[in-house]
Structure formats: structure tokens, C-alpha cells
Q: 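Could you have a look at this structure, given as C-alpha cells, before my questions?
Counting starts at 1 for both ligands and their atoms, following the listed order.
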Amino acid sequence: MVICVKLSIIVPSYNEEGNLEELYRTIHSVLKTIDYEVIFVNDGSTDKTKNELDDLYNKHDKHVRVINFSRNFGKDAAIYAGLEHVTGEYCAIIDADMEQHPKYLLDMYNFLEENNDYDQVAMTIKKRKSGSAISRLGGKLFYKLINKLSDIHFAEDASDFRMFRSYVKDAILSLPEKNRFSKGIFNWVGFNTKYMQYDVGTRLNGKSKFTFKRSIKYAFEGIISHSTKPLRLATIFGIISAISGFVYLMYIVIKTIIMGIDTPGFPTIVCLIMLIGGIQLITIGILGEYIAKTYLEVKNRPIYIAKEKKGIKNTK
Ligand code: UDP
Ligand code: MG
């Protein structure tokens, strides 16, 4: 890869009309002394995002690059596409909605310039945005659970807002998986990471794409893509239910044969069938999730399809 600029900034953008011009203006005012490029990845937006990006490109083609996807592939695919096309010595990822203020880009940049022993700066959320108590509790539980289940550590309140050196980017791209859970991948590749805190701003226009339902699905996918421990649950459930079954059998034998007390068993049988049936279905379901993921990986489809690229220097 040819290094052309000092800093590349990737902006995954899905239905972000009304935000991009302001974001670019702020990035430019913060970074005007640095040689930078901004790669906007339009993730199949259905609003005016594309037109706004065309305008930005026409006005500022020195700094602006645009990749238009053929449809919505998801934020992680957009990040991947950006990473494939950056030319910077450093690379950063920032949301399009101004919740992550570009002023922090300068803090991260200065830190990496001054601290050669660090490879990556990751931003963690200082003040949780005014989400509901349930979603905050959900977030906390997710990090507790994923840290228990996975071999790598996930920093609580970590985001995709970060900056890293180009060899970290190469390491991230070297992971061939199609189902990309970026937060996990950033952790998995390792490297010396500095955590800094940022205050979440308010979204300029539009609304969050991560609804409660989508966040649960996302959390679930994060666990499945970064841990195989749920598969072991089947074995654990099996052992527990076999041991309890055996103990119960002994109890019935002693009660009926030795003590001569007759035991009517209908309710017990119904309860046990439901319990064991439930456990079996859960474990089959978990197995199914992993098989589905394997199926999707084996198909080996591309992570995204780009319809159009503008100003891109690093063509893969
Ligand atoms: N995003 C994307 N593709 C999607 C969903 C979101 O590129 O399918 C982008 C979105 O445009 C934004 C960033 O990912 O720049 C974060 O999304 P959002 O603000 O909706 O999420 P939240 O901040 O609520 O976590
Ligand atoms: Mg947001």
C-alpha cells in the first residue's frame, strides 16, 4: 500500500442527510494543519445522503473520498470498505451524526504522534447518552457476559471511535471473516491500546439506526462470533440433567421398593419432559446459530458491493 496522507478518517454513513456537511466542516476546522482524507462510505442510504456526498466531493475533492454501496450492508461492512481504501499513516473511524465530536480526532492524533510505543487510541464513553435505564443495564450486562464468555477482553463502553497506525489496519484486514463484529476484531488483533474518554454529543439530524431489537441482535452476534463457550452449555446441561435424573431414580427406587410407598408419577413426568425438552431445544438452537454462521462464512460472499467510488487512491 502507498501511504499518501498522514491521516485517513472513515465515516460509515447510513441515512445521514443533514449531518455530513457539518461533520466535514468541523473535521476540516480541527485538522486543517494536517494532511488528511475523509472516506465517506454511503451504506445504501435511501435519503439524500448520496446527493450531499456528491456535493461535498465536488467542493472538496482534495480531502473527500466517497464509496457508494449497492445496498445497506451494515456499519461493520462500511468500516471494512473504508479500511480497504485508506492511504493514511494513521486511520480513524468516526460516526456521521456528530455524537462523536471531531475535536477528539486531534487528541488521538497528538497522542499517537507523541507516544511511539502506542499503536491505537480507543475512545470510551464518559457520559452515557440519555438512553433508557433498560438499554444502559442491557449494555452493562452485555459486557459482563461477553467478557465471561470470550477469551479477549472488551472494554466497557468501548465504541468504534478510534485511531490506529497503518499496521494495525493491515492486521484488522487480515482477518478474513465475513460476519464482522468490529468491536471484537479491534480487541482480538491486540496491540498497545490507549483508552481515552469522550462525552457523547447529541445527534444532529435523523435518528439512531440501532433500535433496542437491533442492539440485542448485535450483542448476540458479538457473543457468537467471538466465543464458542455457549456450545459447551449443551454438555453442561446434559451432565446436570443426567446426574439429577439418576439421583431422582434412586429416590423413587428406595421409596417404592424398599419403603413400599407408591408414587403417582404423572405430574413429575410432565414437568421433567418440559424441562428436558426445553433444555434440548435451547442447546439445538445454540448449535443452529453456529451452523448458520459457518454456512454464511463458507459461502464466501463479498463483505460489501460498491456501486461507485470517487476520489479513491488506494484501489484494491
Ligand atoms: N451506520 C451504517 N450502517 C448501518 C447503521 C449505521 O453505516 O446499517 C452508521 C451511521 O450512519 C452512523 C454510525 O453507523 O454514522 C452509528 O450509527 P447510529 O448513530 O445510528 O448508532 P448509535 O450512535 O445510536 O449507536
Ligand atoms: Mg449515533
Side-chain angles (χ1 to χ4, degrees), residues 8-24 26-27 38-53 56 64-86 91-102 104-105 122-132 134-136 138-140 142-143 154-162 178-186 198-222 303-307:
S8 298
I9 301 148
I10 299 168
V11 187
S13 317
Y14 177 48
N15 291 349
E16 297 288 358
E17 72 180 16
N19 297 337
L20 302 164
E21 168 92 48
E22 170 70 7
L23 177 77
Y24 178 73
T26 321
I27 290 180
V38 187
I39 303 190
F40 289 96
V41 184
N42 174 13
D43 185 11
S45 303
T46 49
D47 63 357
K48 298 210 173 66
T49 299
K50 183 175 181 304
N51 306 11
E52 289 185 12
L53 288 178
L56 268 181
V64 174
R65 328 264 178 258
V66 180
I67 301 173
N68 284 306
F69 280 2
S70 62
R71 65 165 169 86
N72 178 248
F73 282 89
K75 182 180 179 186
D76 295 296
I79 293 176
Y80 183 84
L83 289 173
E84 270 195 331
H85 295 92
V86 293
C91 176
I93 299 164
I94 189 168
D95 283 356
D97 54 10
M98 294 294 282
E99 282 183 354
Q100 302 170 343
H101 198 280
Y104 296 107
L105 290 172
M123 284 288 174
T124 57
I125 298 166
K126 197 196 302 173
K127 270 194 216 135
R128 268 247 161 231
K129 54 183 167 180
S130 50
S132 69
I134 295 183
S135 70
R136 265 174 298 170
K140 272 211 155 26
F142 167 68
Y143 281 106
F154 287 77
E156 202 168 303
D157 282 341
S159 60
D160 297 327
F161 190 22
R162 58 187 63 227
K178 309 288 169 187
N179 278 283
R180 299 186 76 84
F181 183 73
S182 301
K183 281 192 186 66
I185 291 175
F186 293 141
Y198 77 102
D199 286 308
V200 180
T202 39
R203 183 174 247 284
L204 208 60
N205 283 301
K207 51 180 194 285
S208 170
K209 317 301 175 306
F210 289 91
T211 54
F212 188 63
K213 198 169 139 213
R214 194 167 168 185
S215 304
I216 300 255
K217 190 169 162 251
Y218 192 65
F220 200 67
E221 295 210 333
I303 295 170
Y304 67 89
I305 291 175
K307 188 172 161 195

Q: Just to be sure I read this right, does ligand 1 sit under 4.0 Å from the backbone of Asn15, its side chain, both, or neither, counting only heavy atoms?
A: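 The answer is neither; Asn15 stays 4.0 Å or more away.
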Q: Would you say Phe73 and Ile305 make side-chain contact, with heavy atoms under 4.5 Å?
A: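 When only atoms from C-beta onward are counted, Ile305 and Phe73 do touch, with a gap below 4.5 Å.
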Q: Which of the numbered atoms in ligand 1 are under 4.0 angstrom from any heavy atom belonging to Asp97?
A: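 What qualifies from ligand 1 is 19 (O), 23 (O).
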Q: Can you list the atoms of ligand 1 that are under 4.0 Å from a heavy atom of Asp43?
A: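 Under 4.0 Å from Asp43, ligand 1 has these atoms: 2 (C), 3 (N), 4 (C), 7 (O), 8 (O).
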Q: In Asp97, the N, O or S atom nearest to the Mg ion (ligand 2) is which?
A: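 Nearest to the Mg ion (ligand 2) within Asp97's N, O and S set: OD2.
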Q: Side chain of Asp76, backbone of Phe181: donor and acceptor closer than 3.5 Å?
A: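 Checked: no pair found.
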Q: Give the atom name of whichever N/O/S atom in Glu99 sits closest to the Mg ion (ligand 2).
A: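 Output for this pair reads OE1.
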Q: For Asp97, is there an ion pair with Arg203 - N to carboxylate O distance below 4.0 angstrom?
A: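 Judged by the 4.0 Å cut-off on N to carboxylate O distance, Arg203 and Asp97 do form a salt bridge.
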Q: Would you mind finding which of Glu16, Arg203, Met98, Glu99 brings a heavy atom closest to atom 23 (O) of ligand 1?
A: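 Among Glu16, Arg203, Met98, Glu99, the closest heavy atom to atom 23 (O) of ligand 1 belongs to Glu99.
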Q: Donor-acceptor check, side chain of Asp199 to backbone of Lys126, threshold 3.5 angstrom: yes or no?
A: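 Side chain of Asp199 to backbone of Lys126: no pair is present.
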Q: With a 4.5 Å limit on heavy-atom distance, are the side chains of Arg65 and His85 in contact?
A: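 Not touching, per the 4.5 Å side-chain cut-off.
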Q: For atom 14 (O) of ligand 1, state which one of Lys207, Gln100, Lys75 supplies the nearest heavy atom.
A: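 Looking at heavy atoms only, the winner is Lys75.
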Q: With a 4.5 Å limit on heavy-atom distance, are the side chains of Phe69 and Asn42 in contact?
A: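 They are not in contact (no side-chain heavy atoms under 4.5 Å apart), so the answer is no.
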Q: Could you tell me which atoms of ligand 1, counted from 1 in the order shown, lie closer than 4.0 angstrom to a heavy atom of Asp95?
A: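 Atoms satisfying the 4.0 Å criterion: 13 (C), 15 (O), 16 (C), 23 (O).
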Q: Hey, is ligand 1 close enough to Ala78 that some N/O pair sits below 3.5 Å?
A: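 N/O-N/O distance below 3.5 Å does not exist for this pair.
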Q: Indicate the atoms forming the closest heavy-atom contact of Ala96 with Asn19, along with that distance.
A: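 Where Ala96 meets Asn19 most closely, the heavy atoms are O-CB, 3.4 Å.
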Q: If I take every N, O or S atom of Asp95, is at least one of them less than 2.8 Å from the Mg ion (ligand 2)?
A: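 For Asp95, the answer is no, given that no N, O or S atom comes within less than 2.8 Å of the Mg ion (ligand 2).
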Q: Report yes if the side chains of Phe40 and Glu52 come closer than 4.5 Å at any heavy-atom pair, otherwise no.
A: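 Sidechains of Glu52 and Phe40: no contact.
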Q: Just heavy atoms, cut-off under 4.0 Å: does Pro12 contact ligand 1 by side chain, backbone, both, or neither?
A: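 Contact part for Pro12 vs ligand 1: both backbone and side chain.
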